[in-house]
Amino acid sequence: MLHVDQILAVTSAAPATLAAGGEAAPPPFDVARVLTETRLDSWLTLGLVLAAGLYLYGVHRLRLRGDRWPVIRTVAFLGPGLGGIALVTLTGLGAYDTALLSVHMVQHMVLSMIAPIFLALGAPVTLALRTLPVRPRKRLLAIVHSRIARIYSFPLVAFTIFVVNPFALYFTDLYEFTLRHEWAHELVHAHFIATGCVFFWPLLGLDPLPGRWPYPARALLMVLSVPFHTVLGLTIMQSTTLFGGDWYPSLNLSWSNPWEDQVVAGGVLWAGGEFVSVTMLAVLVVQWIKQSEREARRLDRELDRQEARRKAAEASA
């Protein structure tokens, strides 16, 4: 059953038009439906609740033994991180993701770019390493530093996957297939999240993951990612072919024009991709500056110690 059917299950209005497969078309999308169409009966709900519970349990364990964990990391992980995923999948946005390409593009941006950044800022791997018992901690370290993890987290490999995936999805018949099969559509959501995490976590470098490059190289990767979102967004906006084949016209939505919605979707991808990339670039520059300041302070302390040792040697002589 598709998301279009989920909307109909909770709305009392009887729409006059028919969607693909003979199902009634969904009612017009508005801001109110983002709140009223929330559904908490999916596997994703269980996964988000479990992730939040494990994270909070780890923070609680640290506090019990007197250690501190930055509040900002907890807020980032639970708020824009897990909360962002929930916002675009469990609310009305998720309910309309197969009815409007523009809504799907908002999902794409949040799941592949925004949520992974804040999940990385939450440093869950570091939290796990500080709270797990010895044997599970060793297993986690073995996974993090395994050959597969090294390959996928290598910046050039992660960058290639991050850039190529949208083109492979939208410019083939794969996207239409995901619209017609809910399991494939949900799998694409999980793939967006995984791809974003693989790309952004080594760039931010808060967790002890392999494949971390120096900050100048990380910043260069973000600069190189900007043109790809621009090209993809403009191509979608100017395309003379509807994405998803005849899926969107077959819904017979009297309140939405598939061609106009596709232009909006391309604009969302273009503007959103550039905004996130530029913001991420600014974050990397700030991290770079702070690292340089820490290194300068470390060198100053080392020079001070050397000077103190020299004076002590002269005094004893």
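If you're wondering where the values come from, they're calculated on a predicted model, not measured in any experiment.
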The side-chain contact (heavy atoms from CB on, under 4.5 Å) partners of A271 (sequence neighbours excluded) come to none
Are V49 and I193 connected in a single hydrophobic cluster, I mean Ile/Leu/Val/Met/Phe/Trp/Tyr linked by side-chain heavy atoms less than 4.5 Å apart? no
Run F200 and F162 through ring pair (Phe, Tyr, Trp, His ring centres under 6.0 Å) and show every step you take. CA-CA 10 Å; F200 286 109; F162 183 75; 5.6 Å; yes
Within the 4.5 Å heavy-atom criterion, are M280 and S277 side-chain neighbours or not? no
Quick one, W213 with F154, criterion ring pair (Phe, Tyr, Trp, His ring centres under 6.0 Å). Give me CA distance, side-chain angles, the key distance, then yes/no. CA-CA 9 Å; W213 279 6; F154 184 69; 5.7 Å; yes
A side-chain contact here means heavy atoms from C-beta on lying under 4.5 Å apart; do Y55 and V59 qualify? yes
Taking side-chain contact (heavy atoms from CB on, under 4.5 Å) as the definition, give me every residue that meets it alongside N165, ordered by chain and number, with sequence neighbours left out. I161, H191, T195
To the closest 0.5 Å, what do you measure between CG (L253) and CG (D261)? 9.0 Å
With a 4.5 Å limit on heavy-atom distance, are the side chains of T74 and L56 in contact? yes
What is the ring orientation for H181 with W183, classed by angle as parallel under 30°, tilted 30 to 60°, or perpendicular over 60°? tilted
Where does the angle between the aromatic ring planes of F199 and F159 fall among parallel (under 30°), tilted (30 to 60°) and perpendicular (over 60°)? tilted
Could you grab the distance from atom OG of S239 to atom CG of L234, nearest 0.5 Å is fine? 12.0 Å
Linking I/L/V/M/F/W/Y whenever their side-chain heavy atoms sit closer than 4.5 Å, directly or via other members, would L220 and L281 fall into one cluster? yes
List the residues meeting side-chain contact (heavy atoms from CB on, under 4.5 Å) with I148, not counting sequence neighbours, and say none if there are none. S146, Y152
Enter the distance from L203:CG to S153:OG here, rounded to the nearest 0.5 Å. 10.5 Å
Rounded to the nearest 0.5 Å, what's the gap from CG on L82 to CG on L87? Could you check? 12.5 Å
Please tell me if the side chains of D246 and E176 come closer than 4.5 Å, counting only heavy atoms from C-beta onward. yes
Quick check against the 3.5 Å criterion: does Y170 have a side-chain atom that pairs as donor or acceptor with the backbone of I236? no
Is it the case that T230 and E274 place a side-chain donor and acceptor less than 3.5 Å from each other? yes
Straight-line distance of L119 CG to C197 SG, nearest 0.5 Å: 5.0 Å
Hey, are the side chains of F243 and Y248 touching, using non-hydrogen atoms and a 4.5 Å cut-off? no
Name each donor-acceptor pair under 3.5 Å that joins a side chain in residues 124-135 to protein atoms two or more places apart or in another chain, with its distance.
from : atom 1 : to   : atom 2 : distance (Å)
T126 : OG1    : L206 : O      : 3.4
T126 : OG1    : D207 : OD1    : 2.7
T131 : OG1    : L127 : O      : 2.9
T131 : OG1    : A128 : O      : 3.4

Quick check: do T91 and Y96 have side-chain heavy atoms less than 4.5 Å from each other? no
Worked check of side-chain contact (heavy atoms from CB on, under 4.5 Å) between L62 and R68: CA-CA 6 Å; L62 284 181; R68 297 185 59 185; over 6 Å; no
Within the distance-only criterion (no hydrogens, no angle test), does the side chain of W247 pair as donor or acceptor with the backbone N or O of Y175 below 3.5 angstrom? no
Set of side-chain contact (heavy atoms from CB on, under 4.5 Å) partners for P70, sequence neighbours left out: I72, R73
I'd like to know if the side chain of W201 reaches the main chain of P116, judged simply by a donor and an acceptor atom lying under 3.5 Å from each other, with no hydrogens or angles considered. yes
Students often mix this up, so state it plainly: with edges at 30° and 60°, are the rings of H108 and H104 parallel, tilted or perpendicular? perpendicular
According to a hydrophobic-cluster definition based on side-chain heavy atoms being under 4.5 Å apart (Ile, Leu, Val, Met, Phe, Trp, Tyr only), do M237 and M105 belong together? no
Is a donor on one side and an acceptor on the other found under 3.5 Å between the side chain of Q107 and the backbone of H189? no
Trace of the side-chain contact (heavy atoms from CB on, under 4.5 Å) decision for L303 with Q306: CA-CA 5 Å; L303 291 174; Q306 293 179 5; 4.1 Å; yes
Any salt bridge (charged side-chain N to carboxylate O under 4.0 Å, His left out) pairs touching residues 190-204, not counting sequence neighbours? none
Shared hydrophobic cluster for W270 and V264 (ILVMFWY, side-chain gaps under 4.5 Å): no
Shared hydrophobic cluster for V163 and L232 (ILVMFWY, side-chain gaps under 4.5 Å): yes
Residue pair I85 / L111, side-chain heavy-atom distance below 4.5 Å: yes
Are any non-hydrogen side-chain atoms of T235 and F171 less than 4.5 angstrom apart? yes
Gap between atom CG of L44 and atom CG of L90 - 0.5 Å precision: 5.0 Å
